[in-house]
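In listed order, ligands and their atoms are each counted from 1.
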Amino acid sequence: MAARTQQLAAALLFILGGVLSFPLSEDTQQTATCGYESCHATKSNMLNVHLVPHTHDDVGWLKTVDQYFYGDLNDIQHAGVQYILDSVVDQLLKNPDRRFIYVETAFFYRWWRQQSSSMQQTVKQLVNEGRLEFVNGGWCMSDEATTHYSAVIDQMTMGLRFLNETFGACGRPRVAWHIDPFGHAREHASMFAQMGYDGFFFGRLDYQDRTRRMIEKEQELLWRASDSLTPPMADLFTGILPNGYNPPEGFCWDQSCDDPPIRDDPDLEDYNVDDVVMRFIAAAKNQALVYKTNHIIMTMGSDFQYENANLWYKNLDKLIRYVNVLQTNGSKINVLYSTPSCYLQELHRANLTWALKTDDFFPYADDSHDLWTGYFTSRPALKRYERISNSNLQTCNQLEVLGGPASTKGPFGEGDSDTMKKAMAVAQHHDAVSGTEKQHVANDYAKRLAKGWQHCQVLVSNSLAALSGSTAERIYCDNLNISVCPLTESSKKFSVNVYNPLVRPVTWPVRLPVNGSAYAVSDANGKSVDCKVVPVSSVTRDVRKNRGSAVNELVFQVQAPPLGYSTYSVSLLQDGPPPASTKHRTPTAIQNKYLQVTFDPDTGLLSSLSNLETKQTVKLTQNFYWYNASDGNNSHSNQPSGAYIFRPNSSTPFIISKTAKTETVQTSVVQEVRQWFSPWASQVVRLYADSRALELEWTIGPIPIDDDLGKEVITRLDTSIETSEIFYTDSNGREVLQRKKDFRPTWRLRQSEPIAGNYYPINSRAFIKDDVDQLTVVTDRSQGGGSINNGSLEIMLHRRLLYDDVRGVGEPLNETSHIFPKGLVVRGRLLLSLERPPAAADTHRKLAQEVVLQPLLTFTNGELHPNTKLEFSGLQAALPPAVHLLTLSQWDKDLVLLRLEHQFQSWESKVNSQPVTVNLQKLFSTLEVLGASELNLSANQWKDDMTRYEWMAQTGADPLPKNSEASAAWEVTLKPMEIRTFLLRVSLR
Ligand SMILES: *[C@@H]1O[C@H](CO)[C@@H](O)[C@H](O)[C@H]1NC(C)=O
Ligand SMILES: *[C@@H]1O[C@H](CO)[C@@H](O)[C@H](O)[C@H]1NC(C)=O
Ligand SMILES: [Zn+2]
């Protein structure tokens, strides 16, 4: 035994010397065999066990991303990613058979920048030989329930771009790897397919679904992730890992584990090779029973493991040797170092047909009373901040392109979009926007977004200076939602620049905190605009505390051209507060030309909603309630509600108040009924003159906890619509999925949580409908919601909990801040529209888009220079309603990344669910498009080079042949739900 070990050591030394002493030549680059070619051979007559050494490194959770990188605060959690990468590279060099996969580019990027060029060369060689392989490869492993597709595509693009630029083709991951996210969105699968991944692996799914799939051997399947894209465009082979992402029991050899090492010297005590090998073979055979092929995968690693990689590899080397040596005695088990893509290759070679899945993996339950549906809403303020940051980032990206080089270096200094891109990418992590991190980590994400926005503000100011010709200082007011903006509060004359990031004109209401009682507003053509002054509500005064002192709000509607801005000037006409214009009586109705809402004068609550154009009316009452969060002291289970888990103590929520005190403001620009339910729950029901949506602006908090009861606050809309237990939610802001009460499309559900088990993520909209009426609710952030009763839709707005839910975060979700020491106050908006079902999408897609990408207001004090260009559009003409400009972002000098999207599903709209063609050369007003190359969705591979594994489904139509439609070079046709990605070479006209 000892002799053999020495021989091995000598061989390893030789290899080590070889790698370090020979300089890498062009030759080595050319002979690079990475990806599928670098996989170890398998044995077709045996059970092949693919050991996948890996580490799961959260981009922030119990510690911030940088604390994790350095290994700081190890008293909170022992975890240091820099040491993991150091140690793994070192250990890979010791034996060329060893493999490792790395996932989170946010960490790898941090590490890479600190390496010497010789270490970088060494790592390149490991990558070129397939010994170190990137999987997934986005900046982070995104959350799937609470993210918006736009931000997910951006974060994947950033990570994959770094890998491509650093490692070339060998750095391109073949496999998507979401081992930890708490449920899986269909839209994520669709995106991964369009990014060119050959397969997808994850670890978490509903425990009942898992059991059924084990029995039926359906843990590996083909996910058809779009009902609009032509198969196989959105088909993704999906594998469910056997142990979450952990090793089989008894085989964890990390320094953080306690399993016995392999003791293989017969002269020493406790020789255990036979025992380990027998246990391993038993585990492998057991696992093989629930999978289809003679290949199985074992994830050998877990959270932040491999900090001392020697422990793992030393034992894995031995395991492989001792298990395989039995083959000479007839054993049919073959163990090998492998990667997810090598395993996938074998599944593909098996040439089987796979079960087809077309729904999603929400909600996720890991036991009968343990539904992970609370995080759909957890940390609602962070969720809103992340969403608005995405809007601001897209504006920043667009203005970087439209303003040219002067944007990043101009009169206001040096600005960049990169800081914000990185902050947004980190915020997509499955413990970031999900709200499942510790409080100090949530603060860190918010701080990064704020810093990113500061960098963008300089860029935006420079760009607008270049486009408008005015170098007047631009002022940003990020607190308009609570009526705070020092400039508008004090200035007698100022102008407002409204930048619209959408490719069609928008009409948008503007509310500015002011102290005067009368103002004149004129548009870019000098035409006067109807404006009204209304008093700031007492609720808003309470929320803003001493951050502002405006007594009034100036309200007017602005219009902004596509991908451009319009400038409005505002002058004070009269000082002082206006005569009180609020009434303390509930009106029977408020209405504009599109909508009418009525109120119950006795309760002050909404009683009906009508669409005046389509002449339809539904009964509609709406109120606020709270579920009493389970404290864990319960006869069925001791699971409390927490950051992840929603577990109400009772299925009947408490009503906050049966009646609302009201106050009414009615003007020609806006009408609002301000409802006050309790000191911590209020709402404004608001109708602007030109809006097709009713706005419900809710303000919740501080949620009281002096009764020692955790509370999960919802608003519920109860209507006369006949919903037959069905409602609809979007998936990551894109396609819409049907949800049925107490039902899952792919297995027979035993429902044990009647409320939490019927909650689903809502990213931008949800609706209920029958044959004649569709009520759509557009949200301003991701939230959880459900339809528990016929005709009803509820949305969870805010949660405050007193217990940790025992999933690792170790803190109750009990948000306070220095401004809100008694508990966080959160404000948000829901937009309601009522339509005939066949036409509803035409309205709600547009509404949702205007909330996701909202106009950016910037202010300048005083009179503008007369030569200032007051209006600008970056487009030659508005694009058709079906087309959305998903990305316009500077890629490199003269190179711009463009994504055009068809934003309707194939069945949604008579008018808009048709293919639509755009001419790239006729798109921009200020940019000449000199060349265009098409890329995959994540922009890390040319479209022409993109070949994916094809898979056969057990049922369902076979993939149609790929149709290559010839079209004129600059013409781009988009079919329903299609996104096309281009790199454009441009010059400023
Ligand atoms: C895969 O299976 C199909 C039948 O299901 C067969 O026609 C085809 O030749 C097989 N391909 C390979 C490479 O074995
Ligand atoms: C990938 O990176 C290489 C440089 O490593 C570059 O030449 C190539 O254009 C990149 N591919 C894409 C699709 O961007
Ligand atoms: Zn994780």
Side-chain angles (χ1 to χ4, degrees), residues 29 32 34 44 54-63 65 68 77 79 81 103-104 106-107 120 124 127-128 134 136-138 140-145 156-173 177-183 195-196 202-204 244-246 293 299 301-305 345-354 364 372 375 426 428-434 436-438 441 643-644 807-809 891-892 895-897 931-946 949-954 958 981-985:
Q29 301 273 337
C34 56
S44 59
H54 81 105
T55 180
H56 176 66
D57 298 346
D58 289 307
V59 180
W61 180 39
L62 310 182
K63 312 201 285 191
V65 53
Y68 273 132
Q77 181 187 12
V81 176
V103 178
E104 297 86 5
F107 285 124
Q120 291 184 345
K124 277 186 186 168
V127 172
N128 285 340
F134 295 99
N136 217 61
C140 68
M141 183 186 293
S142 56
D143 178 55
E144 298 194 43
M156 291 303 296
T157 301
M158 188 158 73
L160 293 171
R161 180 179 184 182
F162 172 81
L163 294 179
N164 179 54
E165 287 182 349
T166 310
F167 298 105
C170 286
R172 185 172 63 81
W177 183 257
H178 266 212
I179 54 180
D180 197 24
F182 333 124
M195 288 173 183
F202 65 69
R204 296 185 188 272
Y245 51 90
N246 298 304
T293 72
T299 43
S302 194
D303 291 5
F304 296 97
Q305 293 196 358
Q345 173 172 245
E346 299 293 349
L347 297 182
H348 187 249
R349 280 182 183 152
N351 196 25
L352 304 177
T353 59
W354 307 93
Y364 164 54
W372 298 47
Y375 80 100
V426 163
Q428 304 312 304
H429 168 63
H430 57 267
D431 297 299
V433 63
S434 58
T436 55
E437 64 283 66
K438 281 191 185 288
V441 180
Y644 304 86
R807 293 303 184 281
V809 73
W891 184 261
D892 211 333
L895 292 178
V896 164
L897 186 68
S933 319
E934 187 159 9
L935 293 150
N936 67 356
L937 181 60
S938 44
N940 65 329
Q941 199 178 23
W942 304 109
K943 189 72 180 275
D944 288 343
D945 298 341
M946 190 174 153
Y949 277 166
E950 288 186 14
W951 304 87
M952 289 176 293
Q954 274 166 1
D958 274 338
T981 306
F982 297 91
L983 205 52
L984 304 182
R985 186 168 296 282

*How far does CZ of F202 sit from CG of D180, to the nearest 0.5 angstrom?*
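Taking CZ in F202 and CG in D180, the distance rounds to 12.5 Å.
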
Numbering as shown, the atoms of ligand 2 that approach [X] to under 4.0 Å (heavy-atom distance):
X: E165; result: 5 (O)
X: Q941; result: 13 (C)
X: L935; result: 13 (C)

*ligand 2-proximal atoms of N940, by part, heavy-atom distance under 4.0 Å*: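 Only the backbone of N940 comes within reach of ligand 2.
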
*For ligand 2, is any non-hydrogen atom under 4.0 Å from R161's backbone (N, CA, C, O), its side chain (CB onward), both, or neither?*
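No part of R161 comes within reach of ligand 2.
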
Establish whether [atom] and some protein heavy atom are separated by less than 4.0 angstrom.
atom: atom 8 (C) of ligand 1; answer: yes
atom: atom 14 (O) of ligand 1; answer: yes
atom: atom 11 (N) of ligand 1; answer: yes

*asked:* Which label fits H430 and H56: parallel for a plane angle under 30°, tilted from 30 to 60°, or perpendicular past 60°?
replied: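 Ring orientation, 0 to 90° scale: parallel.
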
*Taking the six-membered ring for Trp, are F182 and Y375 parallel (under 30°), tilted (30 to 60°) or perpendicular (over 60°)?*
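Judged by the thresholds at 30° and 60°, the geometry between F182 and Y375 is perpendicular.
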
So, 2.8 Å as the limit: is an N/O/S atom of [X] located closer than that to the Zn ion (ligand 3)?
X: D303; answer: no
X: H56; answer: yes
X: D58; answer: yes

Is the closest side-chain heavy-atom distance between [X] and [Y] below 4.5 Å?
X: L983; Y: L897; result: yes
X: M141; Y: D58; result: no
X: V441; Y: Y68; result: no

*Provide the closest heavy-atom pair for V809 versus E437 in the form atom of the first, atom of the second, distance.*
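So the two residues come closest at CG2-C, 3.6 Å.
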
*Looking at D180, pick out the N, O or S atom nearest to the Zn ion (ligand 3) and give its name.*
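Nearest N/O/S atom of D180: OD2.
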
*asked:* Does either side chain, that of R807 or that of Y644, offer a donor lying less than 3.5 Å from an acceptor on the other one?
replied: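 Per modelled atom types, R807 and Y644 side chains form no pair under 3.5 Å.
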
_Which residue is it: F162, W177, F167? I am looking for the one with a side chain to side chain contact (heavy atoms under 4.5 Å, CB included) to F134._
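Going through the options one by one, the only one that passes is F167.
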
_Which residue and heavy atom of the protein sit nearest atom 4 (C) of ligand 1, plus the separation_ =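 Ranked first by proximity to atom 4 (C) of ligand 1 is N351 ND2, 4.7 Å.
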
*Starting from atom 5 (O) of ligand 2, locate the nearest protein heavy atom and write down its residue, its atom name and how far away it is, to 0.1 Å.*
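In this structure, atom 5 (O) of ligand 2 has N164 O, 3.2 Å as its nearest protein heavy atom.
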
